[in-house]
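Working notes, beginning with the structure itself.
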Amino acid sequence: MAEAVITRGVGGHYTLHRHDPPFEGLAYLRGILRQDDLRPLAGDRVRFESSHDPDIPYVVEAVLPRKNVSQRPAVANLDMLVLTVSIVQPKPDLFLIDRLIVYAAENDIIPVLLVTKTDLATTKNRQVILADITANYARSGLAMFADGFDGDDSELDRFMEHIRGKTVAFAGQSGVGKSTKLNRLLGDVINETGAVSDKIGLGRHTTRETQLFPVAGGGYIADTPGFSVLNLGDLAITPEGLRRGYAEFREVEGVCRFLDCRHDGDMGCAVSDAIIHPERLDRYRKLLQETVSGMKPGER
Ligand SMILES: Nc1nc2c(ncn2[C@@H]2O[C@H](COP(=O)(O)OP(=O)(O)OP(=O)(O)O)[C@@H](O)[C@H]2O)c(=O)[nH]1
Ligand SMILES: [Zn+2]
């Protein structure tokens with residue numbers, strides 16, 4: 001049976017897409033699937049067959065197991081989360097970036113940092129802010145891109161190369177330019193793939209399903225950004241989950257006196273400014289409080 005990815009679901013009809021060999025078609029769900037609790041989402045990988053119905057020529061026979069599922073935007077099997085942060089207006093919320101990195105690590109998603117509005121600061125200011133962000137995440141393994149309204153597309157080209165082949169969504173605080181960037185990138189995607197531009201629907205203020213746009217050469221971009229706020233307690237992230245979100249800590253694994261050390265500055269902890277940026281360590285310790293206070297008393 002053939003496999004494809006759901007790129008859109010509206011009123012029980014699903015658009016299926018596959019890059020290789022190229023395929024796109026409309027499908028409905030086999031009745032037995034509709035009785036399940038599972039609601040297929042954009043990003044779901046499915047098995048399908050011909051339906052012999054000329055209007056809706058395919059039928060989804062099975063939804064394959066998900067590697068993850070996100071709520072806002074509602075999408076399954078995300079590979080990458082683009083943590084969008086503007087250089088000014090609003091100023092970078094590195095707490096949110098840290099939280100999103102933890103969320104990504106917990107869900108087997110690769111985080112990528114995209115700095116926007118580089119045109120809005122003076123050269124000096126831009127250098128200072130970019131250097132600060134870079135220093136904060138230098139040892140985190142985070143890939144970083146910076147772009148603004150300056151007529152130079154080289155950084156966005158580099159970004160597109162980085163995300164090609166992946167299923168990607170944008171995240172970040174309000175006003176950082178997520179929709180602007182999506183419009184820009186999906187505009188290119190739509191031109192490349194020859195899709196109809198009025199399908200895009202960005203800027204509409206109605207609640208609607210997330211749609212994935214195929215990227216030429218492989219991968220998908222979700223048209224709906226999300227994750228503008230995130231509370232680790234609400235997500236039931238444990239102190240252990242939090243720790244896993246910091247690539248920096250791997251360097252001291254087994255070095256702290258206690259194997260399950262929470263790196264909160266107790267005796268025998270090997271974490272220092274030498275392995276993690278001091279401000280990021282400071283924020284980590286505050287987030288640790290957030291995860292601990294989200295736990296039931298017996299688990300703390
Ligand atoms: N100068 C400049 N302005 C930008 C840039 N990117 C976005 N903007 C502007 O910033 C404002 C906010 O951009 P949006 O794309 O709506 O931001 P958003 O992150 O989608 O915001 P929410 O929808 O509130 O989550 C708009 O007025 C954009 O024109 C940039 O690189 N440079
Ligand atoms: Zn430690």
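Every number for a ligand or one of its atoms is a count from 1 in the order of the listing.
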Side-chain donor-acceptor pair under 3.5 Å between Y220 and H17, yes or no? yes

Atom 3 (N) of ligand 1 [closest protein heavy-atom partner, distance rounded to 0.1 Å]: F149 CE1, 3.3 Å

Between E106 and R244, is there a side-chain N and carboxylate O pair less than 4.0 Å apart? yes

Looking only at protein heavy atoms, identify the closest one to atom 17 (O) of ligand 1 and say how far it is in Å. G177 N, 3.0 Å

Under 3.5 Å, N or O to N or O, is T180 touching ligand 1 that way? yes

If you take all heavy atoms of G172 and L96, which pair is closest and at what distance? C-CD2, 4.0 Å

min-distance protein heavy atom vs atom 21 (O) of ligand 1 -> G175 N, 2.9 Å

Within the structure, is a non-hydrogen atom of P225 found at a distance of less than 4.0 Å from ligand 1? no

The closest protein heavy-atom partner of atom 1 (N) of ligand 1 is D119 OD2, 2.8 Å

Ligand 1 atoms in contact with G148 (distance to a heavy atom under 4.0 Å): 31 (O)

Quick test: of every protein heavy atom, which one is nearest to atom 18 (P) of ligand 1, and how far off is it to 0.1 Å? K178 N, 3.4 Å

To 10 degrees, how wide is the angle SG (C261) to the Zn ion (ligand 2) to SG (C256)? 110°

Side-chain ion pair, R30 and E61, N-O less than 4.0 Å: yes

Examine T118 against ligand 1 and note whether any of their N/O atoms are separated by less than 3.5 Å. no

Give me the one residue out of T224, T167, I6 that meets side chain to side chain contact (heavy atoms under 4.5 Å, CB included) with L212. T167

For the aromatic rings, using the six-membered ring if either is Trp, is the centroid distance between Y58 and F23 under 6.0 Å? yes

Can a protein heavy atom be found under 4.0 Å away from atom 27 (O) of ligand 1? no

Classify the side-chain pair S70/Y103 by whether it contains a donor and acceptor separated by less than 3.5 Å. yes

Determine whether R283 and R280 satisfy the following criterion, side chain to side chain contact (heavy atoms under 4.5 Å, CB included), listing intermediate values before the conclusion. CA-CA 5 Å; R283 292 192 302 273; R280 184 155 140 87; 3.6 Å; yes

For residues P225 and P73, report the shortest heavy-atom separation together with the two atoms involved. C-CD, 4.1 Å

Is the closest N or O pair between S174 and ligand 1 shorter than 3.5 Å? yes

Do NZ/NE/NH1/NH2 and the carboxylate oxygens of D147 and K181 come within less than 4.0 Å? yes

How far is atom 31 (O) of ligand 1 from the closest protein heavy atom, and which atom is that? K117 N, 3.2 Å

Under 3.5 Å: N/O of K181 near N/O of ligand 1: no

Suppose I only count heavy atoms of S179 and a 4.0 Å limit; which atoms of ligand 1 are within that range? 15 (O), 18 (P), 20 (O)

List ligand 1 atoms under 4.0 Å from L120, heavy atoms only on the residue side. 1 (N)

Tell me if the centroids of the rings in Y14 and Y28 come within less than 6.0 Å of each other. no

Closest to the Zn ion (ligand 2), which N/O/S atom of H263 is it? ND1

